[in-house]
Amino acid sequence: MNINLPDGSRRSFEGENALELAKSIGNRLAKAALAAQVDGKTVSLITPLYEGATVKILTFEDEAGRNAYRHTASHIMAQAVLRLFHERDVKLGIGPAIENGFYYDFDLNGTISEDDFPAIEAEMKKIAKENHLIRCFSMPREDALKWADETGGPYKRELIEDLPEDAELSFYEQGEFVDLCAGPHLSSTGKVKHFKLISVAGAYWRGDEKRPMMQRIYATAFDTKEALDAYIFRMEEAKKRDHRKLGKELDLFSLTDEGPGFPFFHPKGMIIKNELIDFWRKVHYDRGYEEVSTPMILSRKLWETSGHWKLYRDNMYTLVIDDMDYAIKPMNCPGGILLYKRKIYSYRDFPMRVGELGTVHRHELSGALHGLMRVRCFTQDDAHIYMTEEQVIDEIIGVLDLTDYMYGVFGFKYRVELSTRPEKSMGTDEQWEEATNALRKALEIKGWDFKVNEGDGAFYGPKIDFHLEDCIGRTWQCGTVQLDFQNPERFDMTYDGADGAKHRPVMIHRTVYGSIERFIGILTENFAGAFPLWLAPVQVKVLTITQRSDDAAQAVATKLKQCGIRAETDLRNEKIGYKIRQARMEKVPYMLIIGDREAESGTVSVRKRGEGEIGTMELRAFTDVALGEIKSKEIF
RNA sequence: GCCAACAUAGCUCAGUUGGUAGAGCAGCGCAUUCGUAAUGCGCAGGUCUAGGGUUCAAAUCCCUAUGUUGGCUCCA
């Protein structure tokens with residue numbers, strides 16, 4: 001048979017499938033081969049090839065190869081669960097490969113716990129060792145439904161029913177186990193060698209909270225033991241950077257049982273928060289933003305006008321004052337709009353950029369709370385931009401540039417998503433269409449890659465979201481740009497146009513940090529607590545070797561503070577090694593060590609975080625370096 | 001909110017099959033005055049998350065509540 005290889009070359013070989021092709025190319029490739037890509041479609045290695053096809057052999061290096069490997073591992077896991085718990089009426093859900101692993105959803109009597117993992121893993125090893133051939137076949141719809149009723153179960157039946165009439169219903173079989181599955185899979189169970197079950201969790205069937213809750217087993221699989229061990233080690237290491245752990249160790253913030261989801265900021269955490277705010281103010285002032293502040297509590301009437309009372313009620317904390325209903329603000333916009341309405345605007349005032357560091361309260365579900373990442377009280381670095389329709393694209397681009405610039409200062413990579421109309425929303429389809437297109441167009445002009453997130457917009461408009469990663473790769477939405485055609489109408493906002501007539505302004509809601517709390521969480525994890533100098537709560541620690549140098553050390557610290565550098569002294573009667581160790585654990589960027597020699601010559605011995613001793617110098621030389629580093633917001 | 005697991009000193013954690021609570025670090029005191037990741041000795045510190053129940057006896061077993069963790073849902 002003749003086929004084309006990805007590099008464009010043609011190849012003839014004896015045989016009919018990709019496995020035989022791989023063997024003809026080389027033994028190592030045949031061993032590493034997991035699946036094949038035939039004219040762009042991923043298939044099993046034993047799927048027959050056809051004359052003239054372009055074929056790429058997939059290994060664990062390829063995403064599609066990894067997915068096939070892990071998908072097969074998930075079938076092996078399901079097979080093991082069926083064997084072990086056959087008396088518990090196991091019904092299968094779905095079991096896909098995901099980033100870094102795979103899962104399978106089960107519905108069964110009783111619960112699966114982590115205590116069951118060793119038995120499941122042992123059974124999986126057995127199934128792998130039995131080395132069942134994995135065969136793909138398809139069934140007519142009628143037979144497939146019959147299969148579902150007899151063995152597949154109600155969830156599989158639902159999946160079959162939801163597939164289009166003309167869809168091919170493919171099944172994969174390994175030993176006694178058969179599953180409805182689009183595939184592709186490895187050629188046999190023996191190819192799956194290194195796997196580990198990670199956790200069990202509840203998961204609603206098809207992600208719908210009104211449907212039954214399944215038990216999901218998360219697991220991972222790799223092609224070599226080394227890769228599996230390395231992954232497990234990496235995850236363990238990553239957990240050491242968890243902001244909840246570092247927040248406690250570095251004394252930045254805390255959460256108490258008395259206020260679930262309501263964070264407390266300690267003095268050191270407050271320094272970081274204030275530095276972020278100072279930076280934010282400077283950047284926004286430079287870009288033509290003004291700053292306002294609106295009240296925490298406003299009346300029900302306002303929230304009815306804005307639509308929150310109807311569409312956001314479950315998340316609002318309400319209270320009664322003088323027999324009238326009020327709500328603690330869950331968003332800043334309605335208050336901001338009241339400010340807008342205090343006077344009459346001209347088109348000449350536009351675009352008008354109004355910022356607000358607004359603290360909002362939202363009743364988030366208890367199970368959703370997560371350190372500083374998901375809280376019930378947080379400060380948004382909000383801003384509302386009022387403009388004419390012609391100014392919309394430029395203003396969106398301005399916000400995208402601003403966000404890109406600010407994230408760049410922290411060295412963050414981010415992912416962009418465009419979120420469209422949700423079910424609970426207001427406005428006409430045309431308005432949504434127009435607003436969504438404006439956002440899309442701005443992204444296209446920037447030439448940025450973005451993912452469309454259907455139905456994830458705010459209830460008053462579509463949005464562009466910026467997502468940042470935490471220590472173990474979970475992403476959190478931070479910055480957002482939301483286009484709002486609704487509120488200007490609901491609040492009857494106007495401006496005077498060049499034609500002398502009243503016009504409706506367009507409104508953008510936007511944040512860069514998103515929530516200062518969440519951003520601090522992301523910062524902490526990304527820097528593993530070793531904040532760049534400008535953010536470090538303690539920038540310099542002055543350590544003495546003996547108490548003879550106390551006066552000199554105190555003089556140095558005073559001088560540093562006069563220069564605007566956050567300095568602390570450690571004058572305890574302890575050995576220098578002990579003080580250094582402690583300052584290192586506190587991740588202080590610079591240590592200045594003062595002994596008799598330095599005290600006498602008026603110098604400081606400098607230790608830099610991550611580098612160790614960098615030499616003895618005049619204090620003035622050190623402050624020049626430090627102040628330069630602070631000013632430039634150097635990351636490393 | 002839902003599913004599961006967990007909750008012991010300021011922190012990190014021990015605590016066998018139920019027999020009445022322990023370590024390290026941190027803190028305090030004393031000695032030591034030391035040159036780049038831990039000086040020694042001593043002292044103090046806990047209604048074992050809360051409330052019920054079983055038992056002669058509960059940190060340990062059972063219920064309930066609260067909180068936390070991993071997910072689902074949701075979201076900045």
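Every chain is numbered from 1 and lettered A, B, ... according to where its sequence line falls, protein lines coming before strand lines.
- In this structure, A/E586 pairs ionically with A/K541, as a charged nitrogen and a carboxylate oxygen lie closer than 4.0 Å.
- Remark: A/H370 is not in phosphate contact with B/U68, judged by side-chain N or O atoms under 4.0 Å from OP1 or OP2.
- Using a 4.0 Å heavy-atom criterion, one finds that A/S605 contacts the bases of the nucleic acid, with or without backbone contacts as well.
- Contacts of A/R548 with the nucleic acid, taken as non-hydrogen atoms under 4.0 Å apart, involve only primed sugar atoms and P, OP1 or OP2.
- Among the atoms of the strands shown, none is found under 4.0 Å from any heavy atom of A/V360.
- Ion pairing of A/R234 with A/E237 is absent here, as no side-chain N (NZ or NE/NH1/NH2) approaches a carboxylate O to less than 4.0 Å.
- Heavy atoms of A/Q477 sit under 4.0 angstrom from primed sugar atoms or phosphate atoms, though from no base atom.
- No contact: A/K424 has no heavy atom under 4.0 Å from any strand.
- To the nearest whole angstrom, the two P atoms, one in B/C25 and one in B/A38, are 14 Å apart.
- Of the charged side-chain nitrogens involved, at least one lies within less than 4.0 Å of a carboxylate oxygen, so that A/D89 and A/K91 count as a salt-bridged pair.
- Note on A/A203: only backbone sugar-phosphate atoms sit closer than 4.0 angstrom, heavy atoms only; bases stay farther off.
- Nucleotides B/C43 and B/C2 have their C1' atoms positioned 50 Å apart, rounded to a whole Å.
- When the P atom of B/A4 is taken as reference, atom CG of A/D115 falls 14 Å away, rounded to whole Å.
- Taking atom C1' in both B/U8 and B/G67, one finds a spacing of 16 Å when rounded to whole Å.
- Here the separation of B/U12 from B/C6, taken at their C1' atoms, is 16 Å to the nearest Å.
- Taking atom C1' on both B/A9 and B/G24, the two are 12 Å apart, rounded to the nearest angstrom.
- Atom P of B/G19 sits at a distance of 15 Å from the matching atom of B/C48, rounded to the whole Å.
- Regarding A/M331, its CE atom lies at a distance of 10 Å from the C1' atom of B/C75, rounded to whole Å.
- A/D596 comes within 4.0 angstrom of a base, heavy atoms only.
- Across all strands shown, A/G595 has heavy atoms under 4.0 Å from base atoms, whether or not it also approaches the sugar-phosphate.
- Within the structure, every side-chain polar atom (N or O) of A/K575 is placed at least 4.0 Å from both OP1 and OP2 of B/G40.
- Of the side-chain N and O atoms in A/Y578, none sit less than 4.0 angstrom from OP1 or OP2 of B/C25.
- At a threshold of 4.0 Å, the pair A/D162-A/R206 counts as salt-bridged, since one of the basic side-chain nitrogens sits closer than that to a carboxylate oxygen.
- A/R244 has a side-chain polar atom (N or O) that falls below the 4.0 Å cut-off from OP1 or OP2 of B/G70.
- With rounding to whole Å, A/M214 atom CE is found 13 Å from B/U73 atom P.
- On the P atoms, B/G18 is 8 Å away from B/C61, given to the nearest whole Å.
- Among the protein residues, A/E574 comes within range of the nucleic acid bases, having at least one heavy atom under 4.0 Å from a base atom.
- Regarding A/D382, its CG atom lies at a distance of 15 Å from the C1' atom of B/C75, rounded to whole Å.
- Side-chain N/O atoms of A/T480 and A/D465 include a donor and acceptor closer than 3.5 Å.
- Applying the 4.0 Å criterion to OP1 and OP2 of B/G71, one finds that A/R474 has a side-chain N or O inside that range.
- For the residue pair A/G358 and A/N332, the shortest heavy atom distance occurs at CA-OD1, 3.4 Å.
- Salt bridge annotation for A/E469-A/R415: absent, with no cationic side-chain nitrogen under 4.0 angstrom from a carboxylate oxygen.
- For B/G1, one of the phosphate oxygens OP1 or OP2 lies less than 4.0 angstrom from a side-chain nitrogen or oxygen of A/S366.
- Interface remark: the A/Y204 side chain does not form any donor-acceptor pair with the B/G71 base, using a distance-only criterion of under 3.5 Å.
- Going from the C1' atom of B/C28 to that of B/U68 covers 32 Å, rounded to whole Å.
- Using a 30° and 60° split on the angle between ring planes, A/F279 and A/F410 fall in the perpendicular class, above 60°.
- Among the protein residues, A/Y218 comes within range of the sugar-phosphate backbone only, with heavy atoms under 4.0 Å from sugar or phosphate atoms but none that close to a base.
- Nearest-nucleotide assignment on RNA chain B puts the 5′-proximal partner with A/S199, out of A/G479 and A/S199.
- When heavy atoms are screened at a 4.0 angstrom cut-off, A/G577 is found touching the sugar-phosphate backbone but no base atom.
- Following rounding to the nearest Å, A/F262 (CZ) and B/G67 (C1') show an atom-to-atom distance of 14 Å.
- A/E598 comes within 4.0 angstrom of a base, heavy atoms only.
- Distance, A/D257 CG to B/C6 C1': 13 Å, rounded to whole Å.
- Among the protein residues, A/M585 comes within range of no part of the nucleic acid, since none of its heavy atoms lies under 4.0 Å from any strand.
- Under 4.0 angstrom from either OP1 or OP2 of B/C34 there lies no side-chain N or O belonging to A/K579.
- A/L365 has its CG atom 11 Å from the C1' atom of B/C72, to the nearest Å.
- If you check every strand for non-hydrogen atoms under 4.0 Å, A/I576 touches sugar and phosphate atoms only.
- For a distance-only test at 3.5 Å, the side chain of A/R374 qualifies as a donor-acceptor partner of the base of B/C74.
- Between the side chain of A/R376 and the base of B/C75 there is no donor-acceptor pair of N/O atoms closer than 3.5 Å.
- The shortest distance between the side-chain N/O atoms of A/Q215 and the OP1/OP2 oxygens of B/C3 is not below 4.0 Å.
- Using a 4.0 Å cut-off between charged side-chain N and carboxylate O, A/E574 and A/K579 make no salt bridge.
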